[in-house]
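All remarks here apply to the structure that follows.
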Number of protein chains: 2
Amino acid sequence: MVEFNTRGYDATSMEDLSRAAGITKSSFYHHFASKEALLRAGLQVALDGLFEVLDHPDANAGSPAQRLRYIVAAQVAVLQRELPYVTLLLRVRGNTETERWALEQRRAFDGRVSALVGDAVAAGELRSGLDPTLAARLLSGLVNSVAEWYRPGRPGGAAVPDAVADAVFAGILPAS
Amino acid sequence: MVEFNTRGYDATSMEDLSRAAGITKSSFYHHFASKEALLRAGLQVALDGLFEVLDHPDANAGSPAQRLRYIVAAQVAVLQRELPYVTLLLRVRGNTETERWALEQRRAFDGRVSALVGDAVAAGELRSGLDPTLAARLLSGLVNSVAEWYRPGRPGGAAVPDAVADAVFAGILPAS
DNA sequence: GTCTATAAATCGATAGAC
DNA sequence: GTCTATCGATTTATAGAC
């Protein structure tokens with residue numbers, strides 16, 4: 001499944017996957033009904049991890065800004081823990097029915113976070129004049145971009161979620 | 001070429017492209033030597049746009065933070081102007097020789113920006129204790145994520161570069 | 001510069017023996 | 001549960017007529 005991560009879903013053939021598993025292509029089809037079923041299973045892992053973040057008590061207690069901070073850090077942690085699957089999800093374009101389903105789920109997650117940003121702005125917890133829609137989009141982009149450079153096993157990985165949350169709430173490049 | 005944007009490079013066949021151009025696949029091959037040549041031409045457009053940003057006078061005058069702010073806004077503007085090509089570049093994974101070349105060029109661009117972040121930190125213009133490497137990575141991720149939601153022709157597009165630069169330098173979600 | 005026709009390779013997936 | 005063999009569709013790309 002990691003092959004999807006490095007070469008991309010389309011560019012990875014079932015023969016690539018079966019060879020990596022040490023069996024022939026036909027044997028591989030004994031374990032998975034189709035390539036799309038394999039994709040769906042991977043996307044489900046990523047989506048389960050993300051929605052568990054929203055169900056966590058810390059995501060539903062305290063001020064909007066406090067809840068938002070927990071979600072940002074936890075979302076990064078999920079991205080690290082399920083990197084191949086989250087990467088798969090982030091690259092979905094919506095060409096097939098399975099991909100459209102995943103896109104819809106992902107939008108639901110982003111919508112929940114976006115609404116929370118709106119709540120925090122309405123509560124006066126964030127910068128005044130902040131456009132909640134733009135802020136939520138940039139926030140999503142920043143968090144998900146961790147998948148572009150984070151690689152498991154390297155030292156310092158455990159500090160990434162908090163460091164990202166700090167950058168978001170104290171500013172990426174603030175003058176003071 | 002916009003087809004690469006919506007369906008992805010691998011999932012878009014030469015027949016898809018030729019049909020969109022209103023000619024047959026064979027006629028299409030009269031204009032482009034290969035699918036990879038088409039990809040390379042598109043990637044070149046994106047890279048030319050990005051490096052022109054670094055060559056602009058405003059990217060080489062003033063304090064590091066001032067130069068950085070110009071680059072962020074100008075990079076977003078290039079992304080908007082050459083959306084299909086920049087999108088193509090952002091999705092390159094390095095499977096072929098052409099893709100590895102593009103990745104190398106992109107890393108060179110990011111390296112220049114990253115060095116500038118380091119200069120700004122060293123000059124005391126940014127938050128103390130800021131990790132320049134992490135900040136540069138998140139900055140890159142945030143800027144490039146505009147390609148995920150920006151669509152040409154919609155009102156308010158001209159304000160996006162400044163709005164993104166504001167979010168970066170005043171904070172995405174700052175408390176004050 | 002566009003077309004029909006086709007080559008050569010690869011794809012996802014299946015049949016059927018063991 | 002794994003294998004060899006193959007199907008049928010699709011892919012990039014070319015040959016050659018007009």
Side-chain angles (χ1 to χ4, degrees), chain A residues 1-47 84-106, chain B residues 1-47 84-106:
Chain A
M1 198 79 124
V2 190
E3 285 71 25
F4 285 152
N5 199 337
T6 55
R7 304 179 63 91
Y9 176 75
D10 286 324
T12 305
S13 70
M14 291 296 267
E15 179 137 2
D16 292 334
L17 294 168
S18 59
R19 198 180 326 110
I23 54 179
T24 65
K25 190 169 52 169
S26 290
S27 301
F28 197 76
Y29 269 100
H30 185 78
H31 301 280
F32 300 97
S34 66
K35 191 182 181 183
E36 192 168 3
L38 199 60
L39 173 64
R40 178 177 275 267
L43 294 172
Q44 189 73 66
V45 171
L47 289 165
Y85 308 108
V86 173
T87 302
L88 209 55
L89 178 65
L90 294 177
R91 292 183 188 158
V92 158
R93 294 297 138 198
N95 293 340
T96 68
E97 198 57 47
T98 296
E99 292 194 341
R100 280 187 285 273
W101 159 79
L103 266 188
E104 200 177 323
Q105 296 293 112
R106 210 192 130 187
Chain B
M1 197 78 123
V2 189
E3 285 71 25
F4 285 153
N5 199 335
T6 56
R7 304 179 62 91
Y9 176 75
D10 287 323
T12 305
S13 70
M14 292 295 268
E15 178 135 4
D16 292 333
L17 294 169
S18 59
R19 196 178 331 108
I23 54 179
T24 65
K25 192 169 49 171
S26 290
S27 301
F28 198 76
Y29 269 101
H30 185 80
H31 301 279
F32 300 96
S34 67
K35 191 181 180 183
E36 192 168 2
L38 198 60
L39 172 64
R40 178 177 276 266
L43 294 173
Q44 189 73 66
V45 170
L47 289 166
Y85 309 108
V86 173
T87 302
L88 209 55
L89 177 65
L90 293 177
R91 291 184 188 159
V92 158
R93 293 297 137 196
N95 294 340
T96 66
E97 198 57 47
T98 296
E99 292 194 342
R100 279 186 286 274
W101 159 79
L103 265 188
E104 199 177 324
Q105 296 293 111
R106 210 193 129 187

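By convention in this document, chain letters (A, B, ...) are assigned in the order of the sequence lines, proteins followed by strands, and residues within each chain are numbered from 1. Side chains included, hydrogens not; waters and symmetry mates left out as well; all remaining heavy atoms used.
Of all heavy-atom pairs between A:Asp16 and A:Ala11, the closest is OD2-O, 3.8 Å. B:Arg91 and B:Asn5 make their closest contact through NH1-O, 3.0 Å (heavy atoms, listed as atom of the first residue, atom of the second, distance).
Within 4.0 Å (heavy atoms only), A:Thr24 reaches at least one base atom of the nucleic acid. As judged by a 4.0 angstrom heavy-atom cut-off over every strand, B:Thr12 is placed among residues touching the sugar-phosphate backbone only.
Between B:Asp10 atom CG and C:dT10 atom C1' the separation is 13 Å, expressed in whole Å. In this structure, B:Met14 places its CE atom 17 Å from C1' of C:dA7, rounding to the nearest Å. Rounded to whole angstrom, the span from the CD atom of A:Glu15 across to the C1' atom of C:dT14 amounts to 15 Å. Rounded to a whole Å, the CZ atom of A:Arg7 is 12 Å from the P atom of C:dT10. In this entry the distance linking CD1 of A:Ile23 with P of D:dT2 reads 5 Å, nearest Å.
Partners of B:Phe4 according to the ring-ring contact (aromatic ring centres under 6.0 Å, His included) rule, which considers only residues two or more places apart in sequence or in another chain, are B:Tyr9.
Taking 4.5 Å as the limit, every side-chain heavy atom of B:Leu17 sits out of range of all side-chain heavy atoms of B:Phe32. Inter-residue side-chain proximity for B:Leu39 and B:Glu99 is flagged as met; some heavy-atom pair is nearer than 4.5 Å.
Only A:Ser26, A:Ser27, A:His30, A:His31, listed by number, bring a heavy atom of residues 26-41 of chain A to less than 4.0 angstrom from any atom of DNA chain D.
The CG atom of B:Asp10 sits 6.0 Å away from atom NZ of B:Lys35, with the distance rounded to the nearest 0.5 Å.
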